[in-house]
Amino acid sequence: GQQVMQIPQYQHVQEGEDFTTYCNSSTTLSNIQWYKQRPGGHPVFLIQLVKSGEVKKQKRLTFQFGEAKKNSSLHITATQTTDVGTYFCAGNLRRTSYDKVIFGPGTSLSVIP
Amino acid sequence: DGGITQSPKYLFRKEGQNVTLSCEQNLNHDAMYWYRQDPGQGLRLIYYSQIVNDFQKGDIAEGYSVSREKKESFPLTVTSAQKNPTAFYLCASSLLPGLGTDTQYFGPGTRLTVL
């Protein structure tokens with residue numbers, strides 16, 4: 001079945017350093033979304049990418065969707081302690097009306113002040 | 001104030017008892033989902049529903065049951081057949097796939113502990 005993988009599983013960075021998490025799908029995706037879950041909280045939607053090669057920015061966060069629509073990345077510039085949490089990517093094949101979003105296992109980010 | 005609510009936030013039950021977790025949304029979303037999250041793990045889909053009175057099994061449906069009698073409500077029952085029920089349960093809702101976005105809106109979750 002469809003799988004969505006993420007690397008790394010964990011990342012510890014010094015505050016001010018950059019951070020990148022990568023998301024890879026075994027099949028071509030219709031779209032990809034990114035969510036952030038703070039410790040003890042619930043996942044919150046960050047962004048959706050739809051077009052091949054699409055790049056979107058949200059302040060210090062840069063999201064990319066690969067040309068083949070099988071991979072994506074989230075890059076955070078100059079991390080802050082408020083960036084701590086787990087970042088999930090989620091993709092959908094959209095082959096049928098019952099196709100659903102598949103979540104990756106997440107990357108847990110720790111920021112050392 | 002629109003959103004998705006889950007109750008209770010914390011729930012304790014004795015082994016062998018069934019327990020029902022509540023999920024309500026007023027976002028007028030057709031699709032609703034139940035996920036299970038274990039410590040340090042990702043989200044695993046239990047059940048999902050795209051229309052009233054219809055639902056589909058996810059990846060780990062065994063030991064769980066759901067109903068969708070109303071568009072706004074999607075309760076999850078954790079039965080005594082579920083071998084390891086202690087977990088964080090998250091409910092989510094979204095527009096139907098194909099309507100331009102797959103964004104899922106999550107409730108605050110219910111932490112179930114079975115003693």
Side-chain angles (χ1 to χ4, degrees), chain A residues 1-11 21 23 25 29-51 54 56 63 65 69 72 84-110, chain B residues 2-7 9-10 21 23 25 27 29-51 54-61 68 74 87-111:
Chain A
Q2 180 196 3
Q3 289 201 358
V4 175
M5 305 305 295
Q6 277 184 259
I7 54 170
Q9 187 176 2
Y10 302 98
Q11 185 81 58
T21 174
C23 180
S25 169
L29 299 170
S30 172
N31 61 57
I32 198 157
Q33 301 141 49
W34 285 92
Y35 295 80
K36 176 184 178 180
Q37 183 177 24
R38 287 200 160 98
H42 59 276
V44 174
F45 172 77
L46 293 176
I47 208 160
Q48 176 170 279
L49 304 171
V50 179
K51 299 176 183 176
E54 189 170 12
K56 286 188 176 180
F63 304 84
F65 201 9
K69 300 182 76 172
S72 181
V84 166
T86 300
Y87 293 85
F88 294 98
C89 64
N92 196 340
L93 288 179
R94 290 250 196 105
R95 291 167 306 182
T96 72
S97 60
Y98 277 112
D99 263 348
K100 57 198 181 300
V101 168
I102 307 293
F103 280 83
T107 294
S108 178
L109 172 64
S110 298
Chain B
I4 181 165
T5 59
Q6 291 183 245
S7 62
K9 190 171 183 178
Y10 298 94
L21 280 57
C23 178
Q25 54 97 2
L27 300 169
H29 285 165
D30 286 295
M32 296 187 75
Y33 313 82
W34 273 105
Y35 294 92
R36 170 182 173 140
Q37 188 175 38
D38 293 285
Q41 303 296 312
L43 305 172
R44 291 191 289 169
L45 182 65
I46 304 172
Y47 269 100
Y48 66 107
S49 167
Q50 294 186 340
I51 194 170
D54 186 40
F55 45 82
Q56 310 294 322
K57 290 183 178 180
D59 302 314
I60 56 165
R68 188 87 187 275
F74 191 39
F88 186 40
Y89 290 88
L90 287 157
C91 180
S93 70
S94 74
L95 294 172
L96 283 178
L99 292 182
T101 176
D102 286 316
T103 303
Q104 294 196 10
Y105 295 84
F106 285 83
T110 293
R111 294 192 183 276

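Here is the naming used below: chain letters follow the sequence lines, and residue numbers restart at 1 for every chain.
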Quick one: what part of B:Tyr105 sits under 4.5 Å from any heavy atom of chain A, side chain, backbone, both or neither?
neither
In terms of heavy-atom proximity below 4.5 Å to chain B, should A:Gln37 be classed as side chain, backbone, both, or neither?
side chain
Residue pair B:Phe106 / A:His42: nearest heavy atoms and the distance that separates them:
O-CD2, 3.5 Å
Contact origin within B:Gln104 toward chain A - heavy atom pairs under 4.5 Å:
both
Per-residue contact mode, A:Pro43 against chain B (heavy atom under 4.5 angstrom)
both
Where does B:Arg111 contact chain A at under 4.5 Å (heavy atoms): side chain, backbone, both or neither?
side chain
Of all of B:Leu43, B:Leu45, B:Asp59, which one pairs up most often with chain A through heavy atoms under 4.5 Å apart?
B:Leu43
OG1/B:Thr103 to CG/A:Leu46 distance, rounded to the nearest 0.5 angstrom?
10.5 Å
